[in-house]
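Got a structure for you, written out below as structure tokens; questions coming shortly.
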Amino acid sequence: MKVDGKIGIGQAIMMIMLTVGITNHVTVIPLLLSKAGRDSWVSVLLTAIPFILWAILLAFISRRLKQQPLAVWITRNSNKFVSYLILTPIILLLYLMALVSLIDTQTWTTVNYLPRTPEWMTALALIVFCMIAAHRGIVPLGITAGMLLPAVAILGFFVAFGNVPKKDYSLLLPLFQHGYTPMLHGMLYVAGGFVELFVLLLLQHHVRAPLRLTHFLILVFIIIVLTLSPLTGAIAEFGPIESSRQRFPAFEQWRLLTVGKDIENMEFFAIYQWLSGSFVRISLCLILICELLQLRSYSKRWILLFLLGGSLLAITSLPYSDMQFVSFLSKLYYPLFLAVILALTLILGGIALRQTTRQEDTGHES
């Protein structure tokens, strides 16, 4: 293993799989089912088409970056005002990503297997580990992701294929019984989850080799499968009505899993899957926030991490209901996240295109 402060492309892909996969596998699916019902899987397939085009734009921007940190590249190709205009919403979105993941994990933990443990204690335990990991840096986190993901993937295949006898895929049809509006509403949430691939732009300067279009397309395919598999599984196992009422459909599929007649109650495997994704996701968000704020000092990074961790813990302790949280996700978080990321991508694409034009003009003049 090379010791150069960077991670391999495989490690970067595994980090993104855990970071983006946890939200598309867990957070997006209940919102999608509640809005689109049986038509939700069509929402995923239709959203995949513009998602591929958007990923191509991301790959173009990544190529223009030439493995420079995004903040440095923006400053060199624009000015400080434009830099602040772009980086500020990115930092806020990273913070919200960590917050939503922490709240969802806290709620799921309390509801399913630690009902008598204070919620703040669950959140505190997770955020402390994430702060330590964030302070250690990107390389240890990449190694950790490489160790965690194989088991997460194996368990995913295990529950998917283990429940095949209980699945009835005829429940995926008929489509559009309530018109096209539910399917279009569902596309909004799917797209809000898909665009988290934007995080790869913030990560690319840590990767040992340049990221190519192939890597972006591979991740697009993986994210689509990570969303589509548990979504169709939930509909096929529980039906469109019951699955739309469930808070965590992906977890409920573990409750159905049995091996033969004597082995059941294997949903504890889902704890490993969920905590692996949440840990890597929150830790990566904290690392990227520190980087975008350009804090390199040991003490300053710790101070910022304590402030971030403390504020996240404080917000999770506020008196709100899970229904209010779900309403926040559906009405504000995902629509806002999608709009901001698309706007930022277009701005960065414009800067990258202008940089290309400048280079061509310079080449002609010389």
Side-chain angles (χ1 to χ4, degrees), residues 1-22 24 51-77 86-87 90 94 97 133-153 194-226 276-277 279-281 283-292 294 296 341 344-345 348-349 351-353 355-356 358-360 363:
M1 182 182 67
K2 295 182 179 179
V3 184
D4 54 4
K6 291 182 178 289
I7 59 176
I9 291 178
Q11 290 174 315
I13 289 176
M14 287 188 282
M15 288 178 66
I16 295 298
M17 286 177 64
L18 286 169
T19 300
V20 181
I22 186 67
N24 284 278
F51 180 43
I52 292 172
L53 300 176
W54 175 78
I56 294 173
L57 176 58
L58 280 189
F60 170 71
I61 297 170
S62 178
R63 185 178 179 183
R64 293 292 97 198
L65 286 171
K66 296 181 179 179
Q67 291 191 284
Q68 300 176 74
L70 184 64
V72 174
W73 178 77
I74 294 172
T75 304
R76 288 178 179 175
N77 290 279
I86 295 174
L87 296 180
I90 291 177
L94 288 171
M97 285 174 60
H135 193 269
R136 295 292 294 174
I138 202 76
V139 175
L141 187 63
I143 296 171
T144 303
M147 296 170 63
L148 294 174
L149 183 66
V152 170
F194 281 179
V195 294
E196 288 189 357
L197 185 60
F198 183 88
V199 172
L200 195 55
L201 283 185
L202 308 177
L203 187 63
Q204 51 79 37
H205 63 284
H206 287 290
V207 183
R208 195 168 291 119
L211 293 169
R212 307 295 183 188
L213 176 60
T214 305
H215 302 130
F216 282 88
L217 295 180
I218 288 172
L219 277 170
V220 166
F221 174 76
I222 291 172
I223 293 171
I224 291 171
V225 172
L226 284 174
S276 296
F279 169 74
V280 173
R281 178 183 176 86
S283 301
L284 181 59
C285 288
L286 295 178
I287 289 173
L288 295 176
I289 290 173
C290 291
E291 282 194 352
L292 292 175
Q294 299 183 7
R296 297 180 177 87
I341 290 295
L344 290 173
T345 307
L348 293 175
I351 295 174
L353 192 61
Q355 181 190 22
T356 304
R358 281 181 177 179
Q359 290 175 351
E360 291 177 352

Subject >> Counterpart residues, ring-ring contact (aromatic ring centres under 6.0 Å, His included), relative to W73 (two or more places apart) >> reply: none

Subject >> Check: R64 and N77 side chains under 4.5 Å, non-hydrogen atoms >> reply: no

**OP:** To the nearest 0.5 Å, tell me how far F51 CZ sits from I56 CD1.
**Re:** 11.5 Å

Original post:
So L219 and M17, side chain to side chain contact (heavy atoms under 4.5 Å, CB included) or not? Walk me through it.
Top reply: CA-CA 8 Å; L219 277 170; M17 286 177 64; 4.1 Å; yes

Original post:
Is the closest side-chain heavy-atom distance between V207 and L200 below 4.5 Å?
Top reply: no

**OP:** Hey, could you give me the CG/CG distance between L202 and L288, rounded to the nearest 0.5 Å?
**Re:** 5.5 Å

Subject >> L58 backbone acceptor or donor facing S62 side chain under 3.5 Å >> reply: no

Subject >> side-chain contact (heavy atoms from CB on, under 4.5 Å) partners for P69, two or more places apart >> reply: V72, H205

**OP:** Return the set of residues passing side chain to side chain donor-acceptor pair (under 3.5 Å) with Q68 (not counting sequence neighbours), or none when no residue passes.
**Re:** R76

Original post:
Can you list the residues that meet the side chain to side chain donor-acceptor pair (under 3.5 Å) rule with T144, with sequence neighbours excluded?
Top reply: none

Subject >> H215: side chain to side chain donor-acceptor pair (under 3.5 Å) partners, not counting sequence neighbours >> reply: none

**OP:** Quick one: do L286 and L94 satisfy side chain to side chain contact (heavy atoms under 4.5 Å, CB included)? Show the steps, please.
**Re:** CA-CA 8 Å; L286 295 178; L94 288 171; over 6 Å; no

Original post:
Can you tell if the side chain of I90 reaches within under 4.5 Å of the side chain of L70, non-hydrogen atoms only?
Top reply: yes

Original post:
Should F194 and V220 be marked as a side chain to side chain contact (heavy atoms under 4.5 Å, CB included) after you check the CA-CA gap, both sets of side-chain angles, and the distance that decides it?
Top reply: CA-CA 8 Å; F194 281 179; V220 166; over 6 Å; no

Subject >> For A153, side-chain contact (heavy atoms from CB on, under 4.5 Å) partners two or more places apart >> reply: none

Subject >> Partners passing ring-ring contact (aromatic ring centres under 6.0 Å, His included) against F198 (at least two apart in sequence or in another chain) >> reply: none

Original post:
Can you find a heavy atom in the side chain of I86 that is under 4.5 Å from one in the side chain of L348?
Top reply: yes

Original post:
Nearest 0.5 Å, what's the CD1-CD1 distance between I218 and I222?
Top reply: 7.0 Å

Subject >> Spacing of L353 atom CG and F60 atom CZ [to the nearest 0.5 Å] >> reply: 5.5 Å

Original post:
Can you tell if the side chain of I143 reaches within under 4.5 Å of the side chain of Q11, non-hydrogen atoms only?
Top reply: yes

Original post:
Do you know the tightest heavy-atom contact between S276 and L148?
Top reply: OG-CD2, 3.8 Å

Subject >> Nearest-0.5 Å distance, CG of residue L211 to CG of residue L203 >> reply: 8.0 Å

Original post:
Excluding sequence neighbours, so at least two apart, what forms side-chain contact (heavy atoms from CB on, under 4.5 Å) with H135?
Top reply: Y298, R301, W302, L305

Original post:
How long is the gap from OG on S283 to CG on L18, to the nearest 0.5 Å?
Top reply: 11.0 Å

Original post:
Any side-chain heavy-atom pair from M15 and H206 closer than 4.5 angstrom?
Top reply: no

Original post:
Under the salt bridge (charged side-chain N to carboxylate O under 4.0 Å, His left out) test, which residues partner E196, sequence neighbours left out?
Top reply: R281

Subject >> Pair F216-I16, side chain to side chain contact (heavy atoms under 4.5 Å, CB included): steps then yes or no >> reply: CA-CA 11 Å; F216 282 88; I16 295 298; over 6 Å; no

Original post:
Side chains of T345 and V195: closer than 4.5 Å at any heavy-atom pair?
Top reply: no

